[in-house]
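What you see is a predicted model, and the numbers here were worked out from it, not measured in a lab. Below, chains carry the letters A, B, ... as their sequence lines are ordered, and counting in each starts from 1.
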Amino acid sequence: MATPYNHKEIEKKWRDNWAANPVNVNDGKKPKYYCLDMFPYPSGSGLHVGHWRGYVISDVWSRYKILNGYYVIHPMGWDAFGLPAENYAIKMGVHPSKSTAENVANIKKQINDIAAVYDWDLEVNTTDPEFYKWTQWIFVKMFKAGLAYEKEMPINWCPSCKTGLANEEVVDGKCERCGSDVTKKNLRQWMLKITKYADRLLNDLDKLDWPEKVKKMQTDWIGKSYGAEIDFEVEGNDKTVKVYTTRPDTLYGATFMVLAPEHEMAKELATDDKKAEVEDYIYKASMKSSVDRLQDKEKTGVFTGSYAINPINGAKVPIWLSDYVLADYGTGAIMCVPAHDDRDFEFAKKFNIPIIQVISKDGKENPDLTQAYTEPGIMINSGEFSGMDSNKAKAEVPDILQSRGIGKKTVNYKLRDWVFSRQRYWGEPIPIVHCDKCGAVPVPEEELPLTLPEVEAYQPTGTGESPLKDITEWVNTTCPCCGAPAKRETNTMPQWAGSSWYFLRYVDNKNDKELVSKQKAHDLLPVDMYIGGVEHAVLHLLYSRFYTKFLYDIGVVDFDEPFTKLFNQGMITGKNGIKMSKSKGNVVSPDDLVNGYGCDSLRLYELFVGPPELDSEWDEKGIDGVYRFLNRIWNVVMDCKDKDIEATKEMINLRHKLIFTISTRLENFSLNTVISGFMEFTNKFVAMVKEKGGIDKETLKTIAILLAPFAPHMGEELWQQLGGEGSVFAQSWPQYDENLMKDDEVEIAVQINGKTKATLSIGADEAKDSVIAKAKEVIADKLTGNVVKEIYVPGRIVNIVMK
RNA sequence: GCGGAGUUGCUGGAAUUGGCAGACAGGCAUGACUAAGGAUCAUGUGUCUUAGCGACGUGAGGGUUCAAGUCCCUUACUCCGCACCA
């Protein structure tokens, strides 16, 4: 009886061996491949089987690249600043520096159980001053480039986290982290001018090998639209109101105008008799939270009493205020064409405002529109434009208007500048000094890092002030510019600050002179494959692109997109597709499974549960299947390794088919079918051992190499047992030969009218006539009608069409 | 409301992109073996059936085709993203 598969022994053996003899080293000759996992936050609850999946996928890919002769950069580190870490610390009553360090140690241990080829020499941690020195350095560079600026404005405020939030962090009017309703708060903020990069962020999406879904989400988030700004004179005085519209072609149909309640002219446009009503409306709108504003489906509004003049036809249009118009998009004012816009239509109906149709399906006016007509058609009631095709009008009218001095073509974006300051303790201090005389002055680059002071009381104040405010010995300083007494900025950076550029630092993490050396940046960057969940589609992934473009502009790196290829793995959920969480009590820890079945089994099962890009429900029972599979392979190899079987044609054929199957499926990232394919072939090998008494060594060695990226310990052990030299990962990925994969005989289906009636074995290269003749023989008794057509799909099917 | 993805046995899923639907697993059933400790092996497992080498079958309904899970139209449901962006 051969030795049974003992995962504990084997895994321990190879873990120790790899520690002493790393399998992935940069010899300076191999081409590089950078395979990166999204930056984990060292959470207090540790890893669950869902986290595992992403790391297994990236490790399989990394090991596959190693076997293809690459030096693979496969680093890991910790996104340890920010709200979640601080909230956890507050909850546990420990200082965040302490809890963060503990969590990192714990998760690192768990990650080591995956047996991934992480290069821990490259490890980074955002809370390390040697790291955040460069996070601050980038901010200073941005400040000097005019991209970081201060502004007092109403921002998203989370009353539970007690801090301001970026637009990207507000989901359905709620805080992305804690789910509390987000309110508005007027605060002085540090902003990053990401809008300056809007066009590049949009256009360069074309360069990226990313899931279309993510590109679409970024495109929509940037939200570029083409339109025109048109000035409407206010009747009876010399004021004008500028509106933004994407449909200047419908100008003849504009029957009213709406301003956001926050619009700077809102109050002054109110006529005396309307003043009280208008001010009341403005006040009420200001009290609404963003959630209320989203949920109020019914339109509200107030007439200002003023009228504007439609510049195309001199018509008098009433000016209204309504909160369905956003103050910070376009000009904060719109012209309303109720006949062709659903929102304007609803508003006009509610307040009895006239509706003028200017596009019609058949060129005729519909006297009783029950809803806005938003389809293309023929222009009507539009003076000189009447009779034009509306699509043509949409394309040409803006130019016509512009040439006549009515309006100016313009573009708009939904993307807003990035609210970059947080009123919290656990983040990078913003390296700015406020001087009465010199204003905001950056901390000199040579004085960085500006370290976060150690304090006892780090709880958020809730007032909009940072807890750092009270540390007077830290706050009080002198102006780097004039030397006068000055105060430090007390806001900190958001969690995203470190994660927006960390991937650059991995390749040169000990450099104390530069963020990354030019040489290393050129040789080792950018990231070739980035693997992580889809939840960062408009947060981290947009911010990182912005940072990279900025660093490209100032000459730090020589590429302007950080992640060439992106793969989003699906989530592993609990029963009924419920997201794993501590509060739901459905978290499955990998620890027991690793212990019971071994790392290799869990790795395989993580892949086998389903297509890697889709969500999968975790069903623990299934792991028995892959465990049995590993046992079968083990038994086949142990059984045959000393037998010296000569390779038959059949064995060679099967070997090449196996290489083909595993390689093509792996290249397509169809990792679940790689495993099922491996199982299928293994079953054939088992049968072959039974029939032929064994399998040749070359085939067995091929199995060991092909299995190694997925089950690395098993791969190494089999390789060694088979007498292979060195590590299995020092071998090269086997190549298949299509000629050797060919079968002499193939089985095809014989159909009558598309229904399979029999199967037939034929020679692989047999001619059509011969195949059809044989097929007819097989189903002779069923050929009772007139044969009208005979179809042969080579190697697949014969279909006899009968009447 | 708009946009995207999806719906296949008891369960997870497969199907070389229009060519034998249900691979591979899990589960279950029957049997073998058992000094068994998360065993292993064999066989079976879509539905109906008058038990045949028959008929039906990929959310529902229609269509194209010699041939449809796959293409087209209509429709239902599920999940995800955006959500008054003029």
Syn-anti status, with the boundary at 90° from 0, for the nucleotide [N]:
{"N": "B/G52", "answer": "syn"}
{"N": "B/U64", "answer": "anti"}
{"N": "B/G9", "answer": "syn"}

More than 12 heavy atoms of other residues, nucleotides or ligands under 6.0 Å from [atom1] of [X]: yes or no?
{"X": "A/Lys350", "atom1": "NZ", "result": "yes"}
{"X": "A/Lys349", "atom1": "NZ", "result": "no"}
{"X": "A/Asp765", "atom1": "CG", "result": "no"}
{"X": "A/Glu535", "atom1": "CD", "result": "yes"}
{"X": "A/Lys394", "atom1": "NZ", "result": "no"}

Taking only side-chain nitrogens and oxygens of [X], does any of them come within less than 4.0 Å of OP1 or OP2 of [N]?
{"X": "A/Asn683", "N": "B/A25", "answer": "yes"}
{"X": "A/Lys690", "N": "B/A42", "answer": "yes"}
{"X": "A/Arg628", "N": "B/U40", "answer": "yes"}
{"X": "A/Arg632", "N": "B/A39", "answer": "no"}

So if I take every side-chain heavy atom of [X] and compare against [options], which nucleotide ends up nearest?
{"X": "A/Tyr329", "options": "B/A86, B/C24, B/G81", "answer": "B/A86"}
{"X": "A/Thr246", "options": "B/G19, B/A86, B/G26", "answer": "B/A86"}
{"X": "A/Ser225", "options": "B/C20, B/A42, B/A86", "answer": "B/A86"}
{"X": "A/Val325", "options": "B/C84, B/G19, B/A86", "answer": "B/A86"}
{"X": "A/Glu680", "options": "B/C24, B/G19, B/C84", "answer": "B/C24"}
{"X": "A/Tyr244", "options": "B/A86, B/C56, B/G19", "answer": "B/A86"}
{"X": "A/Ser676", "options": "B/A23, B/G19, B/C20", "answer": "B/A23"}
{"X": "A/Arg796", "options": "B/U16, B/C84, B/A23", "answer": "B/U16"}
{"X": "A/Lys757", "options": "B/C20, B/A55, B/C56", "answer": "B/A55"}

field: Evaluation steps, side-chain hydrogen bond (donor to acceptor under 3.5 Å, both in side chains), between A/Glu168 and A/Tyr543
entry: CA-CA 10 Å; A/Glu168 289 81 2; A/Tyr543 297 151; 2.9 Å; yes
[N] versus [M] - spacing of their [atom1] atoms, nearest Å:
{"N": "B/G69", "M": "B/G46", "atom1": "C1'", "answer": "15 Å"}
{"N": "B/G13", "M": "B/G22", "atom1": "C1'", "answer": "10 Å"}
{"N": "B/C66", "M": "B/G61", "atom1": "C1'", "answer": "24 Å"}
{"N": "B/U65", "M": "B/C84", "atom1": "C1'", "answer": "47 Å"}
{"N": "B/U74", "M": "B/A23", "atom1": "C1'", "answer": "33 Å"}
{"N": "B/G26", "M": "B/C33", "atom1": "P", "answer": "23 Å"}
{"N": "B/U47", "M": "B/A67", "atom1": "C1'", "answer": "23 Å"}
{"N": "B/U64", "M": "B/A25", "atom1": "P", "answer": "41 Å"}

message: For A/Thr573 and A/Asp615, which I'm curious about, is there any donor-acceptor pair between the side chains at under 3.5 Å?
response: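 There is no such pair between these side chains.
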- request: Between A/Val534 and A/Gly754, name the one whose nearest nucleotide on RNA chain B is closer to the 5' end.
  value: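 Final value for this comparison: A/Gly754.
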statement: Whichever of A/Val801 and A/Ala758 has the more 5' nearest nucleotide on RNA chain B, that residue is A/Ala758
- prompt: Counting any heavy atom closer than 4.0 Å, what does A/Gly677 reach on the DNA or RNA strands: base, sugar-phosphate only, or nothing?
  reply: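 Here A/Gly677 touches no strand at all.
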query: Contact class for A/Glu212 vs. all strands (heavy atom < 4.0 Å): base, sugar-phosphate, or nothing?
result: nothing
Protein-nucleotides 29-31 of chain B N/O pairs closer than 3.5 Å?
none

- prompt: Do A/Lys284's NZ or CZ and the ring of A/Tyr281 fall within the cation-pi criteria of under 6.0 Å and 45°?
  reply: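 A/Lys284 over A/Tyr281 ring: no.
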message: I want to check a possible cation-pi pair here: A/Lys768 against A/Tyr792, using under 6.0 Å from ring centre and within 45° of the ring axis as the test.
response: no
Any ion pair linking [Y] and [X] (charged N to carboxylate O, less than 4.0 Å)?
{"X": "A/Lys299", "Y": "A/Glu346", "value": "yes"}
{"X": "A/Asp249", "Y": "A/Arg247", "value": "yes"}
{"X": "A/Lys657", "Y": "A/Asp743", "value": "yes"}

Interatomic distance where [atom1] belongs to [X] and [atom2] belongs to [N] [whole Å]:
{"X": "A/Asn753", "N": "B/G19", "atom1": "CG", "atom2": "P", "value": "19 Å"}
{"X": "A/Tyr627", "N": "B/U40", "atom1": "OH", "atom2": "C1'", "value": "12 Å"}
{"X": "A/Asp624", "N": "B/C28", "atom1": "CG", "atom2": "C1'", "value": "15 Å"}
{"X": "A/Trp618", "N": "B/A25", "atom1": "CH2", "atom2": "C1'", "value": "14 Å"}
{"X": "A/Lys755", "N": "B/C20", "atom1": "NZ", "atom2": "P", "value": "13 Å"}

query: Which is it for A/Phe567 and A/Phe669 under the ring-ring contact (aromatic ring centres under 6.0 Å, His included) test, yes or no, and what are the steps along the way?
result: CA-CA 9 Å; A/Phe567 180 81; A/Phe669 244 74; 4.4 Å; yes
Under 3.5 Å, N/O pairs linking protein and nucleotides 2-13 of chain B:
unit_1	atom_1	unit_2	atom_2	d
B/G3	O2'	A/Lys216	NZ	3.3
B/G12	O2'	A/Val609	O	2.8

- prompt: With distance as the sole criterion, do the side chain of A/Arg665 and the base of B/U16 form a donor-acceptor contact below 3.5 Å?
  reply: no
- prompt: Between which residue ranges does RNA chain B form stems of three or more consecutive Watson-Crick or G-U wobble pairs, both distances under 3.5 Å?
  reply: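 Paired runs of 3+ in RNA chain B: B:1-7 with B:76-82, B:10-12 with B:24-26, B:27-32 with B:40-45, B:46-48 with B:54-56, B:59-63 with B:71-75.
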Ring geometry between A/Tyr605 and A/Trp618 (parallel below 30°, tilted from 30 to 60°, perpendicular above 60°): perpendicular
task: Classify the ring geometry between A/Phe710 and A/Phe678 as parallel (under 30°), tilted (30 to 60°) or perpendicular (over 60°).
output: perpendicular
